[in-house]
Amino acid sequence: MRYVLACNINGEAAKLNAKLASELKYKFNAGRSKLGAHFTIKAPFETDEKNILSLKSTLEKFKDNFKSYDMEVKGYSNFREDVIYMPVTLSKEAKEVHDKLIDELKKLDWLEWKRNEGKEKVFHCTIVSKRVKENFKEMMDYVNKYKCNFKCSFDNITLYRWDKNTWVLEENYKLI
C-alpha cells in the first residue's frame with residue numbers, strides 16, 4: 001500500500017488554500033493535491049501491513065511525549081514554475097518537535113528517504129502543482145492579490161493511505 005505522512009493545516013490558512021486552489025483550477029485549469037492544506041512530513045512511500053503497524057506504534061508513542069507548537073503560513077512562493085505554495089515557518093519549538101519526529105522515523109529501517117525529505121526540507125503548503133507552467137506568471141499575480149499571514153499550530157501528525165485514486169485518512173495523531 002501507498003502512504004503519506006503530513007501535518008494538516010487548519011483554520012483560515014486552510015480556507016484560503018482551498019479557495020485559491022479552486023479558483024486557479026477554474027481560471028487556469030491548474031491542478032492541486034488530493035490532500036487538503038498540509039505540509040508533508042514524509043513524502044509518499046510504499047509498504048506492507050507489518051511495517052505500517054510499526055509506524056503507527058512509533059507515532060502513537062511519539063504523540064504522547066510531545067505537544068503542539070506555533071507555526072506561521074505567510075506569503076507565496078514557488079518551486080521553479082511547477083508549484084505555487086504558501087511558505088510555512090515553524091517556531092523554534094515546533095521545528096525541534098519535527099526534527100525529533102524525523103529522528104524517530106529514521107529508526108524504521110524499511111522507510112526510505114530522499115535528499116529533499118527529512119529535517120532540512122522546505123516547509124510549504126502547496127496550492128497547485130499540476131499544469132502550472134503554461135500560466136505561471138498570471139497565477140502568481142493572481143494569488144498575490146490575497147493577503148496570506150496566518151498563525152497556525154503544528155498540532156497533528158496525520159497518516160493517509162492511497163485508495164481508489166484518492167488519499168484516505170488512516171490515522172490522526174494529535175499533539176496536545
Side-chain angles (χ1 to χ4, degrees), residues 1-11 13-15 17-18 21-22 25 30-73 79 82-130 132 150 152-176:
M1 292 294 276
R2 188 167 181 79
Y3 297 89
V4 66
L5 204 52
C7 171
N8 290 331
I9 296 173
N10 300 301
K15 288 178 187 173
N17 181 275
S22 176
K25 179 180 173 77
R32 69 167 298 165
S33 165
K34 293 192 182 229
L35 283 176
H38 72 282
F39 75 78
T40 303
I41 296 171
K42 175 64 185 91
F45 58 93
E46 300 278 342
T47 195
D48 59 27
E49 189 174 340
K50 177 181 150 248
N51 286 341
I52 211 64
L53 289 174
S54 72
L55 173 63
K56 287 179 177 183
S57 175
T58 296
L59 295 173
E60 190 65 40
K61 289 176 195 161
F62 187 87
K63 71 127 174 117
D64 289 339
N65 292 306
F66 292 92
K67 65 180 205 167
S68 69
Y69 286 101
D70 294 338
M71 63 184 189
E72 184 178 67
V73 177
F79 295 123
D82 300 312
V83 177
I84 297 174
Y85 66 87
M86 303 157 86
V88 176
T89 304
L90 276 59
S91 66
K92 178 179 173 273
E93 297 84 0
K95 179 73 165 82
E96 288 171 2
V97 170
H98 171 270
D99 290 355
K100 287 176 183 173
L101 175 58
I102 297 300
D103 288 341
E104 289 302 308
L105 294 174
K106 286 197 171 188
K107 291 177 185 176
L108 301 170
D109 59 358
W110 55 267
L111 195 55
E112 295 180 15
W113 296 83
K114 295 181 183 126
R115 185 182 52 77
N116 62 342
E117 297 179 315
K119 295 179 183 179
E120 301 309 317
K121 67 172 72 75
V122 176
F123 292 92
H124 66 283
C125 179
T126 299
I127 300 170
V128 289
S129 60
K130 297 170 185 81
V132 175
F150 302 99
C152 304
S153 295
F154 176 20
D155 61 0
N156 69 89
I157 303 164
T158 306
L159 180 64
Y160 290 95
R161 175 179 34 86
W162 186 252
D163 188 30
K164 297 183 180 120
N165 202 35
T166 196
W167 291 110
V168 176
L169 176 65
E170 178 79 12
E171 197 79 40
N172 183 274
Y173 302 89
K174 286 289 203 190
L175 302 175
I176 298 171

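Computed from heavy atoms alone, side chains included, the values below leave out hydrogens, waters and symmetry copies.
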key: Partners meeting ring-ring contact (aromatic ring centres under 6.0 Å, His included) with Phe66 (sequence neighbours left out)   = Phe62
inquiry  = Taking side-chain hydrogen bond (donor to acceptor under 3.5 Å, both in side chains) as the definition, give me every residue that meets it alongside Asp99, ordered by chain and number, with sequence neighbours left out.
reply    = Lys95
note = Sorted by chain and number, sequence neighbours left out, side-chain contact (heavy atoms from CB on, under 4.5 Å) with Glu60 holds for Lys63, Asp64, Tyr173
ask   = Heavy-atom count around Lys106 NZ within 6.0 Å, excluding the residue itself: above 12?
value = yes
inquiry  = Please enumerate all residues that pass side-chain hydrogen bond (donor to acceptor under 3.5 Å, both in side chains) together with Glu117, with sequence neighbours excluded.
reply    = Lys42
Residue list, side-chain hydrogen bond (donor to acceptor under 3.5 Å, both in side chains) with Tyr160, at least two apart or on another chain = Asn8
inquiry  = Measuring only between side-chain heavy atoms, which start at C-beta, is His38 closer than 4.5 Å to Thr158?
reply    = no
Non-neighbouring partners of Asn65 that pass side-chain contact (heavy atoms from CB on, under 4.5 Å), sequence neighbours left out = none
ask   = Of all residues at least two apart in sequence or in a different chain, which pass the side-chain contact (heavy atoms from CB on, under 4.5 Å) check with Asn165?
value = Lys34, Trp162
task = Using the test side-chain hydrogen bond (donor to acceptor under 3.5 Å, both in side chains), find all partners of Lys92 that sit at least two apart in sequence or belong to another chain.
result = Glu96
ask   = Would Asp48 and Lys50 pass as an ion pair if we require N to O under 4.0 Å?
value = no
note = Glu171 meets the salt bridge (Lys or Arg N to Asp or Glu O under 4.0 Å) criterion, sequence neighbours left out, with none
inquiry  = Whether the side chain of Lys130 engages the backbone of Ala30 through a donor-acceptor N/O pair (distance < 3.5 Å, no angle test) should be reported.
reply    = no
task = For Phe39, enumerate each residue passing the ring-ring contact (aromatic ring centres under 6.0 Å, His included) test, keeping only those at least two apart in sequence or located in another chain.
result = Phe123, Phe154
Non-hydrogen atoms of Ala43 and Val4 that approach each other most closely = C-CG2, 4.1 Å
remark   = Residue set satisfying ring-ring contact (aromatic ring centres under 6.0 Å, His included) with Trp113, at least two apart, ordered chain then number -> none
ask   = Is there a donor-acceptor pair under 3.5 Å between the side chain of Asn17 and the backbone N or O of Thr126?
value = yes
query = What do you reckon, is CD of Glu49 surrounded by more than 12 foreign heavy atoms closer than 6.0 Å?
reply = no
remark   = Lys56 meets the salt bridge (Lys or Arg N to Asp or Glu O under 4.0 Å) criterion, sequence neighbours left out, with Glu170
ask   = Is there a side-chain contact between Val83 and Val132, using heavy atoms and a 4.5 Å cut-off?
value = no
